[in-house]
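Please read the structure below before turning to the comments.
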Amino acid sequence: MANEMFCFQCEQTAGCTGCKGKAGVCGKTAATANAQDDLTKALIALSLDREGKKPSKEERRLMLEGLFTTVTNVSFDEEKIAKITEKIRNKVENKTVLSCSAAGQPLALWSADEDIRSLKSLILFGLRGMAAYAYHAWVLGYEDEEVEDFFFEGLRAVGNLTAGMEELLPVVMKVGEVNLKCMALLDKANTESYGTPEPTEVSLTVEKGPFIVVTGHDLKDLELLLEQTKGKGIQVYTHGEMLPAHAYPQLKKYPHLKGNFGTAWQNQQKEFANVPGAFLFTTNCLMPPKASYADRVFTTEVVEFPEITHIGEDKDFSPVIEKALELGGYNEEKKFTGINGGHTVTTGFGHGTILSLAGTVVEAVKNGSIRHFFLVAGCDGAKPGRNYYTEFVKQTPKDSVILTLACGKYRFNDLDLGNIGGIPRLLDMGQCNDAYGAIQVAVALANAFGCGVNELPLSFVLSWYEQKAVCILLTLLHLGIKNIRLGPSLPAFLSPNVLNFLVENFGIAAITTPEEDLKALLG
């Protein structure tokens, strides 16, 4: 079975049912997928082994690292995954649990009753997404033992082969509850480390000379690279989810952090081809490098590709710097555009900035200048149908405001939508890691108007791709937010009964057309 796989954790999974056979849509091989299943089994075994005991700091770190490694588009190197698995297995004291959490290959989870499988998938994938947020906070020195201990609790539920729906559903909702605390921790880590984001216009032009492009999500890696490239004549550009880094005061102070290169993650293989610059891959939302630029790609942290140079824990980025200097960059300035032809994009409207304008926003709603708010946010991806989000934003009425975050914004963030009373109609709140900020804005608006979030003139229109989107969705459900529009397709791991539960209790609906959805959301 080493050459066969099953995986249905991302939105682009084959046929909206699951990737099977020798490779997945994301590019991982069956060997990599099976190595990730083995890693997941080891993590479940460790969680069962630690029941009634306090995990050590090292074990909590291994839990975060292991779960993050199994997020879509992080690690494509089965040998490195196997090494992490072995570390975790060695921590298990009662070796019998190593065979209790799954029955053969693939995981017993994948062959369980469809409703049980669906609920356990929501738990497992939600934990994977939340681990990414907790890992980012951990890198900056921020930890919460309650959050970290819940990973063990949640995985024990996944590894419980006798658990029924009545036992699993509360755990699903608790993932959303704990993830809210986890996102608050990451928000604190980011803002205390780098300052409160400020509205910032970012150029899409690449200047003449050597340059490095940083992709992924990790602000700490970007900061370390900026420090090591000072005075070396190298410009640094962000890509994808790194765009919001330009809004943080402690990162903006580096004059060689110049602008943004390219668009969302799924366009890497086209946008990076034959580019005379070096690329640093951090965290997730990464594509396997093609031969036309593989020699200039470097990875760090949990990201791994076979035969690609990896920057270890010493964080010595000298190989990246040397490659950028060797390549030399462009001979003249290169002007790039967003997908709608814009030459700049604006970011930095975090909850700190928006809430500082709360009085103006509330007055604009009261006097009728602002009729409606839309949160159009989430992941981008390659599947056809995602142009829905571009058209939706274009068709929103001129008396509405669009909040956005994560890489789905690349579908429309270079549009000029104008402003309402000095407030831009399009407000980029940051990375998917910044979803906590959107929740804070929604809660603050509800408090200002003395109503619940569901009574606000606010609609959620979300796109999803991977597991961080799953834990965010569960957090929104934990908060009781209803009538979310989700697309471009619904998760393949949701059984009809679990989907019906979400529809009946929370009003979740698949996107249809921009025209029909706007008509319904605006009443």
_So, taking the atom named CH2 in Trp464 and the one named CD in Gln12, what distance separates them when rounded to the nearest 0.5 Å?_
9.5 Å
*asked:* Do Pro457 and His372 have side chains that approach each other closer than 4.5 Å (heavy atoms only, starting at C-beta)?
replied: yes
*asked:* Quick one, Leu494 with Leu122, criterion side-chain contact (heavy atoms from CB on, under 4.5 Å). Give me CA distance, side-chain angles, the key distance, then yes/no.
replied: CA-CA 8 Å; Leu494 290 181; Leu122 280 168; 3.9 Å; yes
*Counting only heavy atoms not in Lys398, do more than 12 sit closer than 6.0 Å to its NZ atom?*
no
_Residue pair Thr475 / Asn179, side-chain donor-acceptor N/O under 3.5 Å_ = yes
_Quick check on side chain to side chain contact (heavy atoms under 4.5 Å, CB included): which of Leu43, Thr69, Leu67 does Arg128 satisfy it with?_
Leu67
*Centroid-centroid distance, Tyr436 to Tyr133, less than 6.0 Å*: no
*Could you pull out all residues at least two apart from Tyr389 that satisfy ring pair (Phe, Tyr, Trp, His ring centres under 6.0 Å)?*
none
*Pick one: which of Lys181, Lys54, Lys57 meets salt bridge (charged side-chain N to carboxylate O under 4.0 Å, His left out) with Glu145?*
Lys54
*Kindly check if the number of other-residue, nucleotide or ligand heavy atoms within 6.0 Å of NZ (Lys383) is above 12?*
yes
*CG-NZ distance between Leu427 and Lys409, expressed to the nearest 0.5 angstrom*: 12.0 Å
*Give the C-alpha distance, both sets of side-chain angles, the deciding distance and a yes or no for salt bridge (charged side-chain N to carboxylate O under 4.0 Å, His left out) between Glu11 and Arg386.*
CA-CA 12 Å; Glu11 189 271 334; Arg386 288 183 180 266; 3.0 Å; yes
*Does NZ in Lys482 sit with more than 12 non-hydrogen atoms of other residues, nucleotides or ligands closer than 6.0 Å?*
no
*asked:* Using salt bridge (charged side-chain N to carboxylate O under 4.0 Å, His left out), reason through Glu153 and Arg156 one step at a time and then give a plain yes or no.
replied: CA-CA 5 Å; Glu153 178 186 336; Arg156 281 196 288 273; 5.6 Å; no
